[in-house]
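First listed ligand is number 1; within each ligand, the first listed atom is number 1.
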Amino acid sequence: MKVMKKRVKKSLKHFWSDILSPKNWQRQLNTRQGFFTWIVVLLALKTVLAYGADFEWLHVQDPIQVFLMLINPIGFTMVLFSLTLFIKPKQLYYGALLFLDMLMSLLLYLNVIYFREFSDFMSVNTMLGYNTVNQGGKAAGAIAFSPHDVLFWVDIIVLIVLLVVRKIRFDSHTLPRFQPFKILTIGFFVLTANLLVSDIDRPQLLTRQFDREYMVKYLGLGPFMIYDAINTYQTGQVRKSATPEEFTQVKNYIAKNYASINPEFYGKAKGKNVIVIHLESFQQMSIDRKIDGQEVTPFLNSIYHSKSTLSFDNFFHAVGQGKTSDAENMLETSTYGLPQGSLFSKLGNDQTFQAMPAILNQRAGYSSAVFHGNTGAFWNRNNVYKHMGYQNWVSGDYFDLSGQKATTWGLKDKLLFKESVPYLENLQQPFYAKYLTVTNHTPYTLDQEDRDPNFVTTDSGSKLVDNYFVTNHYLDQSVKEFFTYLKKSGLYDKTMVVLYGDHYGISNTDARYLAPILGKNTVDWNDLDNANLQRVPFMVHVPGLKNGHINHQYGSEIDVAPTIEHLLGISSERYIQFGQDLLSQKHSQVVAFRNKDWITPAYASLSGRYWDVKTNQMITVPSEALQNKFDKIQAGVDEKLAMSDNLNQKNLLRFYEPKDFKEVDANKYDYSKRATIRRLKKGNKTLGNKSKSVFSENGNKSTLSQYVTDAPEANDEKTDSTRLLPRNADDWSQSE
Ligand code: GP9
Ligand code: MN
């Protein structure tokens, strides 16, 4: 032991005296390889500085992530910079190295500045569309500089000065023959190890691309930018090849599949505000669910059964890997998400959308806003919403997320609803507002103080399932508090509230724990049972409506946009929408899932097997007639998904201008908190007594005091800690 200690001490001493100590610096800087090493190390240090001082340490949470974050600047920089080592002429070598160093420092610094404004990293598109960034900077007053910014540049300046005054001399000896190769190989080795460890710790990182911060955390800024550039290039190539004729094909398909309006409901909510409440991970099986005689979601159940609600009990989610973002995409555009990855992340930077906020704005003068408790960059929403024409994006970046106020997914729902009021009440009516809740998200953990002491959950054998009903119950209370506010503030009568669940909360792996709760047998649990659980609620609550009922049509999230539009008296016929009005007599009951499986009231096709939906039996040998029928349904499903994918991947909507539709100009929007507050206030002021915001109608007084919540955190002081941790939907464990 003693010998070991001595040895370590000795080698540390050598490391200091032979390498680190300032007396070696000049000698090192005077050789090609030494100069190279200095530059690589300095750039890596600057990158880590940016991670820490500006990118909030990328929210690293475990030792592997810390390790990856610290090494990821090294491998990439080594590989890239070692290319200069092959250059023989000395001026060219030093010039190339310094040029690369400046270029990478510039990219790093641009990202730092961009992040301060947008809490996100720059993509190739944002870089090329510099306008957007520029406008953001201008609108926010000025670019936000910070004293430590000097550190991003000072090393380069010092090195150049030292070269000019010849304190550092150009080394005319090239490196030994195989040395550049050796360094390049080491760089590759570090980079590959980095990628491998990332893939083990976070599979599907590249395909799902749910969050740029994740990519940077695992791969580093350089690889992220290269990956983004390749993605942008590929998308660009696919898009370049597209022709207006391809769009015509899609248009003809849509025209053929349009389901005409139902006069009984058309325009029944005309002129009303629209509030969409996205019930995170909330499944239909929780509606009317009782545990030991006690309802899990008594308030949502009362809405479900109300005479003023159009409720659907055979409504399915159809999301793919994009989860929440796919659900949002279907609701806003009535087109499907992509077969792989999230459309928001992959295409959302420059997609041409003809989405709900723009349609309602242009057809009926609606203002628009989204409210959410997670960071603005998650699922690329900061960019996507601009292209959809959302005027306001009130994200977690607006709120105090410290201490107990947030779970790892963002501001708790009760607080989100309450704290949205100062923004909501300043929107001009009619408005289209969307609330994305988060507390009912895996792993469904909830602080003791937030739990209803009178609510007893299941004892299913799965903590996840038991906790799920607890957060269901919390979500129910949150929505109830919000409805109480809507009534008090007078908004209720003027508003149509749409509630829907975005996707399953209990995955197929855990679903068997639900079997006894659902009155089923765990042993017989089958694929059709899993498919049946993909039902999510869809309720359209229209105060004043008398003929509300529970509708049994089979349908999915793809059908929401035309259904809402028709209720608002806006014909959807001219838009490219793959869904159909659920209230139309012509609505087709074939539900297409994203993986090409399907279900109808009679049959289902799931992972290559057919099922009789009524008897819950597999159909192993279908009759010829039945097989023909299945083939026909399958062909229809395939065609529909292929048309939607073609439209989205090739961005075909850019070839189409529906009547009275002006293309959305994404550059117009500034989502910074400051700009948003200023804009809303100005809206009230310039309109004077024509202002139709709740704030103006309330005699220029806030309605916030009318909001009652029992959230124990409501008045908590701001602290330095936060639990917010933007994560992937699959990232949970039972032990949490
Ligand atoms: C994140 C939230 C959850 O902001 O919307 O997304 P999900 O993990 O469900 O896709
Ligand atoms: Mn979700």
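- Near H503, meaning under 4.0 Å from one of its heavy atoms, ligand 1 places the atoms 9 (O).
- When distances from the Mn ion (ligand 2) to the N, O or S atoms of D502 are compared, OD2 comes out shortest.
- Remark: among candidates H278, Q321, H372, E328, the nearest residue to atom 2 (C) of ligand 1 is H372, based on non-hydrogen atoms.
- Looking at H503 and the Mn ion (ligand 2) together, the shortest N, O or S contact belongs to NE2.
- The Mn ion (ligand 2) has an N, O or S atom of T324 under 2.8 Å away, backbone or side chain.
- For the residue pair N440 / S281, no side-chain donor-acceptor distance below 3.5 Å is found, with atom types taken as modelled.
- Between K323 and ligand 1, a contact under 3.5 Å exists for no N or O pair.
- As for E280, its N/O/S atom nearest the Mn ion (ligand 2) is the one called OE2.
- Inclusion of H441 in the first shell of the Mn ion (ligand 2) is not supported: no N, O or S atom falls under 2.8 Å.
- A salt bridge between D326 and R594 is absent, with no side-chain N of the basic residue lying under 4.0 Å from a carboxylate O of the acidic one.
- Short contacts between ligand 1 and N374, defined as distances under 4.0 Å to a heavy atom of the residue, involve ligand atoms 1 (C), 4 (O).
- For the residue pair H387 / Q351, no side-chain donor-acceptor distance below 3.5 Å is found, with atom types taken as modelled.
- Using a 4.0 Å cut-off between a side-chain N of Lys or Arg and a carboxylate O of Asp or Glu, D447 and K412 qualify as a salt bridge.
- Residue E280 places at least one N or O, backbone or side chain, under 3.5 Å from an N or O of ligand 1.
- Take Q448 and apply the side-chain contact (heavy atoms from CB on, under 4.5 Å) test, not counting sequence neighbours, and it matches R451.
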- Task: Start with the C-alpha gap between K405 and D400, add the side-chain angles, then the distance that decides, and say whether salt bridge (charged side-chain N to carboxylate O under 4.0 Å, His left out) holds.
- Result: CA-CA 7 Å; K405 288 188 172 168; D400 170 20; 2.9 Å; yes

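- The salt bridge (charged side-chain N to carboxylate O under 4.0 Å, His left out) contacts involving residues 413-422 comprise K414-D710, where partners must be two or more places apart or lie in separate chains.
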